[in-house]
Amino acid sequence: HNAKEQGVEIRRYIPAMQMKAKERLKLENDLRRALERDEFYLLYQPKVQLETEEIVGMEALLRWNHPKRGIVSPNEFIPLAEDSGLIVPIGEWVLKTACLQNKQWQLAGYQPICVSINLSMRQFLQPNLAGKIHSILTDIGLDPCYVDLEITESMTLDKETAFDQLKRLKELGVFISIDDFGTGYSSLHYLKNMPIDRLKIDRSFVSEVMEDSNNAAIVSTITSMAHHLKLKVTAEGVENKEQLQFLREQHCHEAQGFLFSKPIQAAEFETSFLKKAPLGASL
Ligand code: C2E
Ligand code: MG
Ligand code: MG
Ligand code: MG
């Protein structure tokens, strides 16, 4: 991969919905071959604990290096992968790659941190998902406490299915976060009852938090609700110090965003953000 990812990502953004059927089919065929051609890779974005300013985690974010189009955004190809069912093998590749990377960093003597992995709807609805994740973790030898799975509110609309699935995942010992929180349709009733660990406040609220008093009210309400429900709360899309200061005042636990770092390659993440574990720390 090249300099593109270091700075601004250059992407030719064509929403899948607006693409001509023929083009869509072509992209879907390319997607079908992308795994065997090794065209996917993961970037990592640090998650910072606000009280200590320490890096406590990272989110794995998928990229597709298309031979002709260049780097394709997940917003563009995840919906295609979801429609075609390709998301299942692709999602498994993401799980394996992110867990293996995390284990390799631990073996290299770095202080262990948690990796957050995004799940898609189809993946989440697989009845044997917990079994699959269990075997990935045991094959790699990664402690489940270093894995956090991100789902969205829309995946929990079928309450019973979601509850059973989340319970199975929680029994593995992994963490569960609700991504893009505030943009879906979750009821407070479901929040009270679902076995989850964390809310991630959607970037749309955080980005305008200093300009829009309604956004400030929403961020502050979600944060305080999370505290009362004994959930962790992470703000996404933090881009400036004013936003960070506001989040600190609200006692938001963690934050991610360009203020700290864009999503970056594993090698850069390692040199910029990982710390060596104290000598004698056992794995
Ligand atoms: P997400 O999980 O909500 O990830 C956050 C997105 O916001 C990422 O976009 C990240 O690059 C971007 N971001 C982070 N900080 C900032 C900031 O300060 N400002 C701005 N403007 N943007 C920021 P990205 O990497 O393009 O991913 C978009 C979405 O694609 C993700 O949203 C997630 O829903 C999905 N996605 C990414 N990787 C995967 C994956 O492995 N599997 C699945 N199923 N979905 C994925
Ligand atoms: Mg996410
Ligand atoms: Mg998000
Ligand atoms: Mg998002």
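All residue numbers refer to positions in the sequence shown, counting from 1. First listed ligand is number 1; within each ligand, the first listed atom is number 1. Model, not experiment: these values are computed from the prediction.
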Is the Mg ion (ligand 3) less than 2.8 Å from at least one N/O/S atom of Glu150? no

Examine ligand 1 and decide if any of its atoms is less than 4.0 Å from a heavy atom belonging to Glu59. yes

Row check, Tyr110 ring normal vs Lys276 NZ/CZ: under 6.0 Å, within 45°: yes

Tell me, do Thr156 and Ile151 make a side-chain contact under 4.5 Å, heavy atoms counted? yes

Sub-4.0 Å atoms of ligand 1 with respect to non-hydrogen atoms of Asn75: 28 (C), 29 (C), 30 (O)

Of all the heavy-atom pairs spanning Met121 and Met155, show the shortest one and how long it is. N-CE, 3.5 Å

Note: heavy atom closest to atom 8 (C) of ligand 1, options Leu61, Asp180, Asn118, belongs to Leu61

Among the heavy atoms of Gln256, does any lie under 4.0 Å from an atom of ligand 1? no

Do Val115 and Met58 come close enough that some side-chain heavy atom pair is under 4.5 Å? yes

Going by distance only, is there an N or O of Ala60 that falls short of 3.5 Å from an N or O of ligand 1? no

Taking only heavy atoms of Val94, which atoms of ligand 1 are found under 4.0 Å from at least one of them? 41 (O)

Contact partition for Ile117 relative to ligand 1, non-hydrogen atoms under 4.0 Å: neither

Please list, in number order, the atoms of ligand 1 under 4.0 Å from a heavy atom of Gly257. 15 (N), 18 (O)

Hey, is the Mg ion (ligand 2) within less than 2.8 Å of some N/O/S atom on Asn118? yes

Run Phe269 and Trp105 through ring pair (Phe, Tyr, Trp, His ring centres under 6.0 Å) and show every step you take. CA-CA 11 Å; Phe269 189 90; Trp105 277 332; 5.6 Å; yes

Do the side-chain N and O atoms of Gln49 and Thr52 include a donor-acceptor pair separated by under 3.5 angstrom? yes

Per-atom contacts of ligand 1 with Pro263, taking only distances under 4.0 Å to non-hydrogen atoms: 11 (O)

Provide the atom name of the closest N, O or S atom of Asp179 relative to the Mg ion (ligand 3). OD1

Going by the angle between their ring planes, with limits at 30° and 60°, are Trp64 and Phe77 parallel, tilted or perpendicular? perpendicular

Between Glu59 and Asn118, do the side chains contain a donor N or O and an acceptor N or O under 3.5 Å apart? yes

Sub-3.5 Å N/O-N/O distance, Gln123 and ligand 1: no

Over-ring placement of Lys159 relative to Phe163, 6.0 Å and 45° cut-offs: no

When you measure from the Mg ion (ligand 3) to the N, O or S atoms of Glu236, does any of those distances fall below 2.8 Å? yes

Atoms of ligand 1 less than 4.0 Å from Asp179 heavy atoms? 1 (P), 2 (O), 3 (O)

Flag side-chain contact, heavy atom, 4.5 Å: Thr234 against Gln256: yes

Heteroatom N/O/S of Asp180 within less than 2.8 Å of the Mg ion (ligand 2): no

With the Mg ion (ligand 2) as the point of reference, which N/O/S atom of Glu59 is the closest? OE2

The single option from Lys200, Arg203, Glu236 passing side-chain contact (heavy atoms from CB on, under 4.5 Å) against Asp180: Glu236

Search all heavy atoms of His253 against all heavy atoms of His227 and return the closest pair with its distance. NE2-NE2, 3.4 Å

Which bit of Ser120 gets closer than 4.0 Å to ligand 1, counting heavy atoms only: side chain, backbone, both or neither? both

contact_flag Lys262 ligand 1 heavy-atom lt 4.0 Å: no

Under 4.0 angstrom from ligand 1, any heavy atom of Gly91? no

Counting heavy atoms only, name the option from Ser261, Ser207, Pro74, Gly237 that's nearest to atom 35 (C) of ligand 1. Pro74

